[in-house]
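What follows is one structure encoded as structure tokens, with my remarks underneath.
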Amino acid sequence: MFSLYGLLDKAIKKGRLTVVDARGVSREFGGQEPGPEAAIRFTSSSAALKILLNPELNAAEAYMDGHLVVDRGSIHDLIQVFYANKRHFDLSPSQIFWRGLSRKVRRFQQNNVLSRSRANVKAHYDIGEDLYRLFLDRDMQYSCAYFPDGPATIEDAQTLKKRHIAAKLCLKDGQRVLDIGCGWGGMALYLAHVADVEVVGVTLSERQLAVARRRAEILGVSDRVKFELIDYREVTAKFDRVVSVGMLEHVGAPHLGAYFLNVRDRLGPEGLALIHSISTKSPPGITGPFLRKYIFPGGYSPALSETAAALEPTGLWLLDCEIWRCHYGYTLAQWRERFLANRDKAVEIMDERFCRMWELYLSIAECVFLQGSSNVFQLQIARERDTAPISRNYIEAEEARIAERETGFLERVVASAQQALDEA
């Protein structure tokens with residue numbers, strides 16, 4: 001008879017997993033090859049059967065509900081055991097069934113019409129800034145940081161990310177910039193300080209909007225950095241530059257074409273856009289059931305192939321495509337460490353079940369980028385082929401110029417986030 005223990009016996013080749021059932025009977029799996037190790041215990045007799053029927057979702061819920069307890073190591077160690085052997089787990093009948101079903105209904109799951117997009121944003125981004133302050137950098141950058149020279153603090157790596165994006169936008173004084181999915185306002189405010197530009201940031205998060213507007217007031221730039229509570233599809237004005245960081249993941253596969261048409265229509269004759277998004281080296285797929293249900297409802301990280309297919313009919317030029325491979329894994333590792341260091345505070349803000357869920361989220365995401373197939377791309381697109389220099393040589397020089405302009409204002413911009421959050 002097929003059982004969870006039969007699945008574990010077949011799947012776990014690297015590392016070792018010890019499992020104690022609800023009766024106290026212990027079993028060991030793996031050990032053929034070196035790898036991560038963990039020991040778990042079931043407190044419910046039905047947990048093993050439920051996990052067998054739907055491994056990804058039910059294992060996560062069992063941990064969240066206390067029916068699966070990690071006795072040796074941590075939940076991150078358990079997730080590492082899974083990812084070290086993921087190829088074998090993916091071949092299990094239940095995994096094949098649920099993934100096949102999800103592929104059939106993925107267009108419905110990702111059909112992020114305006115009303116649904118608002119609900120999805122509220123579910124993730126409006127749960128409270130106090131939680132995000134426990135693990136994000138001081139500027140509240142909730143997207144992949146940039147580690148071009150290897151290990152760095154999350155503060156420095158997020159500054160390097162903003163500097164790199166600003167360089168690739170080829171900003172000129174007097175231009176107008178649209179920031180799609182502006183978060184707590186850090187990118188928009190940064191761009192307005194490294195160049196004499198006007199920026200309009202749009203978001204569907206009421207809480208992020210309030211913080212971003214207050215930051216602009218604190219810095220005295222409300223006249224040229226404005227934030228609006230509207231969907232990107234509702235913007236009608238023209239801009240010289242468009243930047244979108246970590247927002248394409250919320251568009252959904254059925255709306256990718258409309259998204260890029262909207263970006264095109266927002267750009268003036270010599271307009272240029274920089275789109276930064278999570279992606280994958282694999283063909284188009286699905287969002288895992290745990291992340292879809294509990295973390296990012298409606299979320300989907302598009303493959304490069306379907307992104308290019310959506311971009312091509314617009315007539316826009318793809319000037320540059322840069323792939324960041326491990327950067328988000330390094331980012332998430334620091335987020336996870338910071339969250340764990342403040343876990344007691346997180347329990348006070350939310351509750352124990354939520355914190356188990358958040359640990360799972362950060363651990364799974366970290367492993368996806370360091371052991372799985374996920375990456376990040378930055379697409380530089382424009383109406384005309386010569387809007388940006390024809391080689392990347394300019395980027396480093398532009399970053400150096402921008403770094404000089406950061407002196408004297410960078411700390412003020414970052415501090416504005418903390419002040420606005422304290423006042424919220």
Assess the residue pair H67 and S44 against the criterion (side-chain hydrogen bond (donor to acceptor under 3.5 Å, both in side chains)); give the C-alpha distance rounded to whole Å, side-chain angles, the decisive distance to 0.1 Å, and a yes or no.
CA-CA 5 Å; H67 298 152; S44 165; 4.9 Å; no
Would you say that M357 contacts I295 through its side chain, given a criterion of any heavy-atom pair below 4.5 Å between the two side chains?
yes
Just checking, any donor-acceptor pair under 3.5 angstrom between side chains of S74 and D77?
yes
With rounding to the nearest 0.5 Å, note down the distance linking OG in S143 to CD1 in I278.
9.0 Å
Does a salt bridge link R401 with E398, judged by any charged N lying under 4.0 Å from a carboxylate O?
yes
Non-hydrogen atoms of F354 and D351 that approach each other most closely:
N-OD1, 2.7 Å
Quick one: closest heavy-atom pair of S282 and A303, and the distance?
O-CB, 3.6 Å
Would you mind listing every salt bridge (Lys or Arg N to Asp or Glu O under 4.0 Å) that reaches into residues 410-424, with sequence neighbours excluded?
R133-D422, R138-E411, R214-E423
For ring pair (Phe, Tyr, Trp, His ring centres under 6.0 Å), just list the numbers for Y294 and Y361, CA-CA rounded to whole Å, side-chain angles, deciding distance to a tenth of an Å, and then say yes or no.
CA-CA 9 Å; Y294 288 101; Y361 154 49; over 10 Å; no
Run the salt bridge (Lys or Arg N to Asp or Glu O under 4.0 Å) test on E217 and K226 for me, step by step, so that the C-alpha distance in whole Å, both residues' side-chain angles and the decisive distance to 0.1 Å come before the verdict.
CA-CA 10 Å; E217 292 174 358; K226 302 182 185 300; over 6 Å; no
Looking at R233 and D231, is there a salt bridge between them, counting it only when a charged N and a carboxylate O are closer than 4.0 Å?
yes
Verify the distance criterion only: is there a donor paired with an acceptor across the side chains of K161 and Q158 at less than 3.5 Å?
yes
For R264 and R383, which heavy atoms make the closest approach, and how far apart are they?
O-NH2, 2.8 Å
Can you tell me which residue pairs pass the salt bridge (Lys or Arg N to Asp or Glu O under 4.0 Å) test with a partner in residues 360-371, sequence neighbours excluded?
R336-E366
Under a 4.0 Å threshold between the charged nitrogen and the carboxylate oxygen, would E61 count as salt-bridged to K50?
no
Stepwise side-chain contact (heavy atoms from CB on, under 4.5 Å) check, I165 with H276
CA-CA 9 Å; I165 290 173; H276 170 119; 4.3 Å; yes
Report yes if the side chains of L421 and Y132 come closer than 4.5 Å at any heavy-atom pair, otherwise no.
no
Nearest heavy-atom neighbours spanning S244 and Y259:
OG-OH, 3.0 Å
Interatomic distance, L78 atom CG to L68 atom CG [nearest 0.5 angstrom]:
6.5 Å
dist S277:OG -> L248:CG (nearest 0.5 Å) comes out at 4.0 Å
Test item: L272 and L267 side chains (from C-beta on) under 4.5 Å apart, heavy atoms
no
F82 vs I364 side-chain heavy atoms within contact, under 4.5 Å
no
Run the side-chain hydrogen bond (donor to acceptor under 3.5 Å, both in side chains) check on E306 and Y300 step by step: do they pass?
CA-CA 12 Å; E306 59 192 330; Y300 173 66; 2.4 Å; yes
More than 12 heavy atoms from other groups under 6.0 Å of CD on E270
no
Check ion pair R343-E352 (N to O, under 4.0 angstrom):
yes
Can you say whether the rings of F135 and Y142 are parallel (under 30°), tilted (30 to 60°) or perpendicular (over 60°)?
perpendicular
Which residue pairs satisfy the salt bridge (Lys or Arg N to Asp or Glu O under 4.0 Å) criterion with at least one member in residues 308-328, sequence neighbours excluded?
K168-D320, K168-E322, D320-R392
Short N-O contact, E206 and R213, less than 4.0 angstrom
no
Would you give the length of the straight line joining atom NZ of K293 to atom OG1 of T287, rounded to the nearest 0.5 angstrom?
15.5 Å
L304 side chain reached by C321 side chain, heavy atoms, under 4.5 Å
yes
Gap between atom CG of L131 and atom CH2 of W358 - 0.5 Å precision
5.5 Å
Around atom NZ of K281, are there more than 12 heavy atoms of other residues, nucleotides or ligands at under 6.0 Å?
no
Between Y146 and T331, does any side-chain donor sit less than 3.5 Å from a side-chain acceptor?
no
Just by distance, with hydrogens left out, do T280 and S373 show a side-chain donor and acceptor under 3.5 Å apart?
yes
So, do T153 and D137 sit near enough that their side-chain heavy atoms are less than 4.5 Å apart?
no
Nearest-0.5 Å distance, CZ of residue R338 to CG of residue L362
12.0 Å
Could you give me the CA-CA distance, side-chain angles and deciding distance for R405 and I402, then say whether side-chain contact (heavy atoms from CB on, under 4.5 Å) is met?
CA-CA 5 Å; R405 297 194 68 168; I402 291 171; 5.5 Å; no
Got V202 and V235 here, is their nearest side-chain heavy-atom distance under 4.5 Å?
yes
side-chain contact (heavy atoms from CB on, under 4.5 Å) between V177 and V242, intermediate numbers included:
CA-CA 6 Å; V177 182; V242 172; over 6 Å; no
Residue of the set V20, I51, V69 for which side-chain contact (heavy atoms from CB on, under 4.5 Å) holds with F42:
I51
Which heavy-atom pair separates H76 from C367 by the least distance, and what is that distance?
CE1-SG, 3.9 Å
Is the distance between the ring centroids of F147 and W324 under 6.0 Å?
no
Test E399 against L160 for side-chain contact (heavy atoms from CB on, under 4.5 Å), laying out the working first.
CA-CA 9 Å; E399 286 178 333; L160 291 174; over 6 Å; no
Is the shortest distance from a Lys or Arg side-chain nitrogen in R215 or D139 to a carboxylate oxygen in the other one below 4.0 Å?
yes
Might you point out which heavy atoms bring Y394 and A388 nearest each other, and give the distance in Å?
OH-CB, 4.3 Å
Looking at side-chain heavy atoms only, is the closest gap between L256 and P302 below 4.5 Å?
yes
Pair R176 + E198, salt bridge at N-O below 4.0 Å
yes
